[in-house]
Amino acid sequence: MQNLKANIAKQLAETIGADSFESTYTDVLTSLEYPPDSSMGDLALPCFKFAKLLRKSPVMIAEELASKLRINGIEKIEAVKGYLNFFISNDYLAKELLPEILEKKDMYGSSDEGKGKTVVLDYSSPNVAKPFHIGHLGTTVIGHSLKLLHTFCGYNCVGINHLGDWGTQFGKLITAFNLWGNKDEIEKGGIDALVALYVKFHEEAEKDSSLNDKAREEFHKLELGDEKNTALWKWFIDISIAEYKKTYAQLGIEFDSYKGEAFYSDKMMPEVEKIRAKGLLKIDDGASIVDLSDYNMPPCLILKRDGSTLYPTRDIAAAVYRKATYDFDKVIYVTSAGQSLHFAQWFKVVELMGYDWAKDLVHVPYGTVSIGGAKLATRTGNVILLRDLFASAIDKVREIIDEKSPDLENKDETAEAVGVGAIVFYYLLNTIIKDINFSMEDALSFEGNTGPYAQYTYARTCSLLAKAENTDGSEIKITAPEEAAMLKVLARFPETVLRATHEYEPSYITRYILDICTGFNRFYHSCPINSAEDESVRASRIKITEATNYVLGRALGLICLKTPRKI
Ligand code: ARG
């Protein structure tokens, strides 16, 4: 579609006048719209904006242009009430678009826009020893999807899990372990046993506040490098990462780095000194802060009264380290919107420190998740663990598979891909900033606009292709409107990828997937594919199915969904 849009923009800009070529060209490119209904064309351009330049009414402009313009790939142009409606020719779809997709296969839609540029993505980043709960679903899947999108657009990407692996919670955990812990039990119970210890600490500390002093002491010892505490701390982290990795594997996520907050322990003081040297540090009630009142923000806290560092201090040190290590062109931080102020504050501090790359730091905030309907029991009380949410979806899908496809091979693998995929798809269907209320039933429906429906459509393309004959060398001809409609959806993939990447919005891909599924299912129900009688009609339909398979498979992959070939 981008080539077509460019053709339209070029012809129009030339026709309207050479002096304003550049501005008209970009203007047309950004103003072309997709009409809500195909009787109004495949692309439409409002002519109101040219009225001033051409000193004519939009209606007249549209009519004149419609009769003058000849554009490659466009077979008909209609002027309707000041709009130009463009109709894409079947010839373009058959001779240019389809061959392009079949040649590029699952790389169709990729680009080299990011060539030579590095993007660091900081996402997921759970806090060790605290539950990995559904609040982390957003950062995990949005973050990973943005990484996949950027990679697909040619950027060199570095995915970092900025683990919350430092802080007073470790003093609490060490204290609790020393008092009530048992090595074997924790080896066996994993992260649940750690969280249980942490919860017990809080219960006991309610009754005996001296435990808090004890915890502070243990954390202080850890900060000083005490051998025993350091060994415990490392062990707690290993246990936690092993558990996170199970969830990441279900989502197909791997990180390039697990450098968490602790890694920056010795990298903060030099930055604090730089802040001080710039004259930015103020002492406020004993704490060291950077006053941001000129920027309408509360002060950014750099050091506590006791001289210990804080969350923003670690983020500043981490950003400096990442610039030196990766020489990034951009860093993307994905967290809940609750942390927006934190990021705005320390981004400002980095700017005031004089780092010119402060402008390359981007915070991508997302809304909250709540769960209605079915209550999911967890062992940790009021929070719902991501793992449990996935497990319950997988169980439900497994039941459906047992009932509907009892002979399926790899039932477990498929149930996992579909169960987890259902949750991710449901979640990424919304604009990320929107708060969502999660409904398991809606997410798992095979009929609605869901992950299972999309994966099922993908599996349908696979099974059609598995039965299809070889189509090499056959002529392509488009005979049914559903074929053309399907290809027109596929034509939009490259620009959808770019838009989702530029706006940090995976939901554009999710919604686009639904358009592919609607288009494909219409095509499938009205056009016999493998059983079409005419040889070239059959070959063309097989090729359309193949093209859909590439694009749908890739699009699902870009939002962290797996693509079983059979369901
Ligand atoms: N560990 C933090 C949390 O769970 C998120 C860390 C986000 N990344 C960062 N560089 N601050 O809230």
Side-chain angles (χ1 to χ4, degrees), residues 119-147 157-170 172-173 191 194-195 198 233 236-237 240-241 243-245 247-248 253 255-265 267-268 271 297 300-302 309-326 328 330-351 355 357-358 360-369 380 383-387 432 504:
V119 174
V120 170
L121 297 105
D122 174 317
Y123 64 102
S124 198
S125 313
N127 295 323
V128 174
K130 292 189 190 166
F132 191 21
H133 56 79
I134 56 162
H136 293 102
L137 177 63
T139 170
T140 306
V141 297
I142 295 164
H144 197 62
S145 175
L146 293 180
K147 182 181 177 197
C157 292
V158 185
I160 301 184
N161 197 327
H162 187 72
L163 284 180
D165 58 1
W166 200 244
T168 45
Q169 80 259 32
F170 287 97
K172 296 177 184 170
L173 207 52
I191 206 165
L194 287 184
V195 173
Y198 189 70
W233 167 75
F236 295 153
I237 291 169
S240 306
I241 292 184
E243 177 79 19
Y244 302 147
K245 282 192 173 165
T247 302
Y248 294 143
I253 297 181
F255 287 93
D256 301 300
S257 159
Y258 274 89
K259 283 195 173 69
E261 296 192 24
F263 177 76
Y264 302 100
S265 297
K267 298 177 178 54
M268 286 179 280
E271 296 313 312
M297 285 188 276
C300 185
L301 304 179
I302 304 293
T309 54
L310 286 136
Y311 188 41
T313 333
R314 286 190 284 275
D315 263 328
I316 293 168
V320 173
Y321 172 84
R322 290 168 185 177
K323 184 66 194 177
T325 309
Y326 304 110
F328 57 72
K330 193 185 267 191
V331 192
I332 296 172
Y333 298 87
V334 186
T335 78
S336 73
Q339 297 195 28
S340 294
L341 179 62
H342 161 73
F343 283 96
Q345 287 175 307
W346 77 260
F347 286 0
K348 187 48 106 182
V349 173
V350 170
E351 182 193 318
Y355 287 117
W357 43 264
D360 305 323
L361 306 175
V362 180
H363 179 227
V364 175
Y366 60 87
T368 59
V369 186
T380 43
V383 296
I384 291 167
L385 301 183
L386 207 46
R387 180 193 63 193
I432 63 172
Y504 312 116

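Just follow the structure's listing: the first ligand is 1, and inside any ligand the first atom is 1.
- Within 4.0 Å of ligand 1, heavy atoms belong to protein residues Asp122, Ser125, Asn127, His136, His162, Tyr311, Asp315, Tyr333, Thr335, Gln339, Phe343.
- You'll find the ring centres of Trp357 and Phe328 inside the 6.0 Å limit.
- Side-chain contact check for Tyr264 and Glu271: no donor-acceptor pair (N or O, by modelled atom type) lies under 3.5 Å.
- One finds the CH2 atom of Trp346 at 5.0 Å from the CG atom of Leu361 (value rounded to the nearest 0.5 Å).
- Going from atom CG of Leu121 over to atom NE2 of His162 covers 14.0 Å, rounded to the nearest 0.5 Å.
- For His363 and Phe347, the distance between ring centers is not under 6.0 angstrom.
- At a cut-off of 3.5 Å, with distance as the only test, a side-chain donor of Ser124 or Tyr248 sits close to an acceptor on the other residue.
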